[in-house]
Amino acid sequence: MIYQDSRTLLAVRDLRATVNGIEILKGIELTVKSGEVHAIMGPNGSGKSTFAKVLAGHPAYVVTGGEVAFDGGPLLELQPEERSRRGIFLGFQYPIEIPGVANSQFLRLAYNTLQVQRGKDELDPLEFDDFVREKMKLLEMNPDFLDRSVNEGFSGGEKKRNEILQMSLLDPKLAILDETDSGLDIDALRVVATGVNHLATRDNAIILVTHYQRLLNYITPDFVHVMDSGRIVKTGGKELALELEARGYEWVGAETSASAAANAGAAR
Amino acid sequence: MSSILQNLVNQPYQHGFVTDIEADIAPKGLSEDTIRLISAKKNEPEWLLELRLKAYRHWLKMEEPQWPNVKYPKIDFQAISYYSAPKKKKTLASMDEVDPELLRTFEKLGVPMNERAKLAGVAVDVIFDSVSVATTYKAKLAEVGIIFCSISEAVQEHPELVRKYLGSVVPVGDNYYAALNSAVFTDGSFCFIPKGVKCPMDLSTYFRINTENSGQFERTLIVAEEGASVSYLEGCTAPKFDTNQLHAAVVELIALDNADIKYSTVQNWYAGDENGLGGIFNFVTKRGLCKGVNSRISWTQVETGSAITWKYPSCVLRGDNSVGEFYSVALTNHRQQADTGTKMIHIGKNTRSTIVSKGISAGHSNNSYRGLVRIAPVATGARNYSRCDSMLIGDQCSANTFPYIQVNNPGATVEHEASTSKIGEDQLFYFAQRGVGAEEAVSMIINGFCKDVFQQLPMEFAVEATKLLGLKLEGSVG
C-alpha cells in the first residue's frame with residue numbers, strides 16, 4: 001500500500017555487481033518506501049536473483065559501484081548477519097539444507113540472536129516452542145517439522161513455508177522474497193501468499209522477485225519493475241504484470257532499446 | 001547433580017597420585033639398565049621387572065609402524081629420558097597470575113568457576129575449604145569394595161590383581177608403542193570393581209579435579225568383575241600442555257560376566273601451532289576384553305588435540321552375547337593429523353558391536369578413520385553396524401575412511417555406512433542471513449553432526465565438548 005506519510009526504507013543508486021568477474025548488475029536504481037509492495041520481474045538471467053542476493057550481502061558477489069541506503073544508513077559495508085539484524089530478510093529461492101540441525105534449534109537461535117540485538121529477553125526452548133507453534137498455524141504447518149533437520153528432505157512447499165515462517169519470526173523491515181512462488185502447487189501458493197499478506201504492514205516493505213505473474217494474483221504489488229540485462233528497464237503499476245503475462249518480456253526490451261535510441265538521437 | 005557430587009566438585013582434590021620418590025631423572029636413553037632402574041625406583045616385584053624386560057626385548061625386534069596415514073620426523077628413542085619423578089606444577093598465588101588466554105578458554109568452554117583455579121594451577125587451598133576430597137572419595141569407594149588408585153600403588157598393595165590382569169588384553173609384544181609402554185611405563189590408574197558392584201559415582205568427577213601429570217607412558221587397567229559396572233572419564237576439555245612430545249599410553253579394560261564398562265575420553269593435548277610446529281604425538285593402544293557372557297564395553301572419545309593421533313580403542317568380544325561400542329568424534333585443524341578408529345573382534349556367539357565415527361577436518365589437516373570388523377568362524381549370529389561420517393571445512397584439508405571387514409561366519413550381519421559432507425559458503429550465508437555469525441553457525445552444524453556421539457558423554461562433558469569443538473575451529477571459516 002502506498003501511504004502519504006511513508007519513509008524511504010531502501011534507496012539503490014547505480015548499483016553494479018559482478019560474480020566471477022562477470023558484470024551482472026549494471027546500474028540498478030530503485031526506491032522502496034515503508035508500506036509498499038514491489039514486484040521485480042524479468043526473464044531468466046536478467047539479474048533479479050543476483051540483485052536480491054547482493055542486497056543481502058552474499059559473499060560470492062562483488063559490488064563494483066553504486067550506493068545502497070537502508071533505513072537511513074549505508075548498507076553495502078555491513079556483513080550479511082549485520083544486515084539481517086538491521087531488518088533485511090531474504091526468502092531464498094532454494095532454501096539451504098542443514099543436516100543434523102533441528103529446525104526448532106535453528107529458528108530459536110535466529111530469533112534469540114535478534115532478541116539480543118533488540119535488547120529483549122531470549123526465549124528458552126519451552127517458551128519458544130509455544131511462540132513458534134502459534135506462528136506455524138498461520139502457515140498451516142505440521143508441528144512435527146520442528147524436529148526435522150533444517151530443510152532436509154522438505155518438499156518444495158515445505159521449504160517455502162519455512163522461509164515465510166522465518167520471516168514471521170524475524171519481523172523484518174524489508175523482506176526480499178526470491179522466487180517464493182517457484183515449485184509451489186496452487187494450495188501452497190495460496191498459503192504462502194496469505195502468510196505474506198498477513199505480515200505486510202505500513203511500517204515494513206516487501207520486494208517480490210518473480211518470473212511469473214501468478215503470485216501477483218494473491219499478493220497485490222504497488223509497483224512492478226521489469227529487469228533486463230542487469231537494469232530496471234520499466235516500472236509500472238500492477239497492470240504491468242498482466243501486460244507482461246499476455247505479451248511476454250520481449251516487447252519491453254524492444255521498447256526500451258527504441259526509447260534509448262530515441263533519447264540518444266535527441267541528445268545529438 | 002546430587003548434593004554429594006556437588007560437594008565433591010566444589011572441593012579441591014589435594015593428594016593426587018603423586019608418589020614419594022626423590023626428584024631425580026634417569027639419564028637419557030633406553031637400555032635394560034634404564035628399565036632395571038625404573039623398576040628399582042618403584043620398588044617393583046621381580047615378575048613386573050621380567051614383564052618389562054620381556055616387552056623391551058620384543059620392542060628391540062619390532063619396527064615402528066609405517067601404515068598409518070600420518071607423517072612425522074623419525075623419533076630418536078635414545079634422546080628421551082624414561083624416568084623422572086613426578087613434577088609438582090608451579091603453583092600460582094591467585095587467578096590474577098593465570099595466562100589470560102587460558103582464562104578466555106575456560107570462559108568459552110563454560111568450565112565451572114570453582115574448577116578453573118584448579119585447572120589453571122592456582123593454589124586452591126587458599127581459595128577453597130581445605131577438606132580433602134580424596135579422603136571423602138576414597139572412603140565412599142572403599143565402602144563398596146572398589147579399588148581406585150595409581151597403578152604404582154596397586155602394584156604394591158594389590159600385586160595379585162595387577163599380575164593377573166596386566167598385559168592380559170594388550171600383550172607386551174602387541175605393537176611397537178604398546179611394547180615400549182610395557183617396558184617403561186611409570187604411572188597411570190588402576191580401577192577394580194568387585195563382583196556385583198555398581199560404581200556409585202561417575203568416575204568423571206574425579207578427573208575433573210585431578211589434573212596432575214601422569215607421565216609420558218601412562219598405563220591404565222580397569223577390571224569389572226561379574227555383574228559390576230563403572231563409567232570412567234579420562235581427560236579434560238581444558239587445553240593440556242606437556243614438555244614431552246611423545247606420548248604412548250596403554251589402556252586395558254576387562255569385563256567379566258554381565259559386567260559393564262563405559263570409558264570416555266576428551267583429549268585436548270597441545271596440537272602445535274598453525275604451521276604444525278610442536279604439539280604432542282599421541283600413540284595410544286586402548287583395548288577392552290569382553291571376557292564374560294553378556295558383558296559390555298563402550299568407548300566414547302572426543303579427540304581434538306595432539307599434532308598426531310594414532311589410536312584405535314578396540315573391543316574383543318569373547319563372551320557370548322557381549323556388546324562392544326565405539327563412539328568417536330575426531331577433529332583436526334591447521335596441520336594436525338589423526339589416524340583413528342576401532343577394532344571389533346567378534347569371537348563369542350551373538351556378539352554385537354556398534355561403531356559411530358565422526359571426523360571433522362579443517363585447515364590443512366588430515367583426518368583418517370581406520371576400523372576393523374572381524375567376525376571369527378565361531379561367532380555365529382554376530383552383528384555389526386558401522387557408520388563413518390566425515391565433514392570437511394575449507395578445501396585444504398582431507399578426510400579418509402579405511403574400513404576393513406573380515407567376515408568368516410556366514411550367519412553374521414555386517415553393515416557399513418559412510419558419508420562425506422562439507423560446510424559450504426551457502427550454509428554459512430543462510431545462517432548469516434538469519435542474523436547468525438559464522439562461528440555460531442559452525443558450532444551448531446558441528447554439534448548436529450556429532451550429536452550421536454555427544455549423547456554418549458556424561459552430561460556436563462557433552463556441553464563442554466560442544467563448545468570445545470567450536471573453540472578449536474575458531475577462525476577456520478569465513
Side-chain angles (χ1 to χ4, degrees), chain A residues 19 52-61 78-118 148-152 159 162-163 165-167 169-172 175-176 178, chain B residues 327 329 331 356-360 387-395 399 417-456 462-463 465-467 469-470 473 475-478:
Chain A
V19 63
K53 287 180 190 163
V54 166
L55 289 179
H58 194 291
Y61 299 88
L78 301 179
Q79 292 300 309
E81 56 268 34
E82 194 49 41
R83 298 183 196 197
S84 162
R85 292 173 199 162
R86 300 230 181 151
I88 286 193
F89 177 88
L90 175 64
F92 284 63
Q93 179 176 9
Y94 303 109
I96 309 297
E97 299 188 359
I98 307 170
V101 174
N103 212 16
S104 56
Q105 264 184 309
F106 175 75
L107 297 173
R108 191 166 74 91
L109 178 64
Y111 181 76
N112 279 340
T113 304
L114 191 70
Q115 286 291 97
V116 171
Q117 170 86 3
R118 290 172 178 171
R148 293 160 63 188
S149 293
V150 180
N151 294 324
E152 196 187 30
K159 282 183 180 173
N162 202 19
E163 294 295 291
L165 176 66
Q166 293 176 53
M167 175 181 164
L169 290 173
L170 300 178
D171 189 21
I176 306 156
D178 188 8
Chain B
Y327 297 95
V329 168
L331 177 147
V356 177
S357 162
K358 306 281 180 174
I360 302 159
R387 163 147 210 107
C388 302
D389 297 323
S390 306
M391 178 168 277
L392 302 169
I393 301 173
D395 49 14
E417 290 177 27
S419 77
T420 304
S421 53
K422 194 172 168 182
I423 296 188
E425 193 179 59
D426 278 326
Q427 282 182 331
L428 294 180
F429 179 64
Y430 193 62
F431 272 95
Q433 218 305 301
R434 302 308 186 236
V436 180
E439 213 171 285
E440 257 188 300
V442 169
S443 168
M444 185 169 259
I445 295 172
I446 293 292
N447 194 16
F449 179 70
C450 300
K451 198 162 50 186
D452 298 343
V453 175
F454 286 165
Q455 280 170 354
Q456 303 294 328
V463 175
T466 308
K467 291 179 180 162
L469 295 195
L473 287 172
S476 61
V477 287

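Keep in mind the model is a prediction, meaning the values are calculated, not measured. Chain naming here is simple, since letters A, B, ... match the order of the sequence lines and numbering starts at 1 in each.
- Here salt bridge (Lys or Arg N to Asp or Glu O under 4.0 Å) pairs that include residues 92-108 of chain A, with residues two or more places apart or in two chains, are A:Glu97-A:Lys159.
- Put simply, OG on A:Ser84 and CZ on B:Phe429 are 9.5 Å apart, with the number rounded to the nearest 0.5 Å.
- Both the backbone and the side chain of A:Phe106 come within contact range of chain B, with heavy atoms under 4.5 Å apart.
- Ring geometry for B:Tyr430 against A:Phe92 counts as perpendicular: the plane angle is over 60°, on a 0 to 90° scale with 30° as the lower cut.
- The side-chain heavy atoms of B:Glu425 and A:His58, taken from C-beta on, include a pair separated by under 4.5 Å.
- For the atom pair CD1 (A:Ile176) and CD (B:Gln433), the distance works out to 7.5 Å, reported to the nearest 0.5 Å.
- Contact count against chain B (heavy-atom pairs under 4.5 Å) is highest for A:Gly100 among A:Pro99, A:Gly100, A:Ala110.
- With rounding to the nearest 0.5 angstrom, the CE atom of A:Met167 is 10.5 Å from the CZ atom of B:Arg434.
- Options A:Leu109, A:Thr113, A:Val150, A:Asn112 differ in how many heavy-atom pairs under 4.5 Å they form with chain B, and the most are formed by A:Leu109.
- Looking at B:Asp426 and A:Tyr94, their side chains never bring a donor and an acceptor atom within 3.5 Å of each other.
- Between chain B and the residues A:Leu107, A:Leu114, A:Ile88, the most heavy-atom pairs under 4.5 angstrom are made by A:Ile88.
- Residues passing the salt bridge (Lys or Arg N to Asp or Glu O under 4.0 Å) test with A:Arg83, sequence neighbours excluded: none.
- For the residue pair B:Gln427 and A:Ile96, the shortest heavy atom distance occurs at CG-CG2, 3.6 Å.
- For a residue to count as touching a neighbouring chain, one of its non-hydrogen atoms must lie under 4.5 Å from one of that chain's; by this rule A:Leu169 does not touch chain B.
- Of the listed residues A:Gln105, A:Lys53, A:Gln79, the one with more heavy-atom pairs under 4.5 angstrom with chain B than any other is A:Gln105.
- Using a 4.5 Å cut-off between heavy atoms, A:Ile98 touches chain B through backbone and side chain atoms alike.
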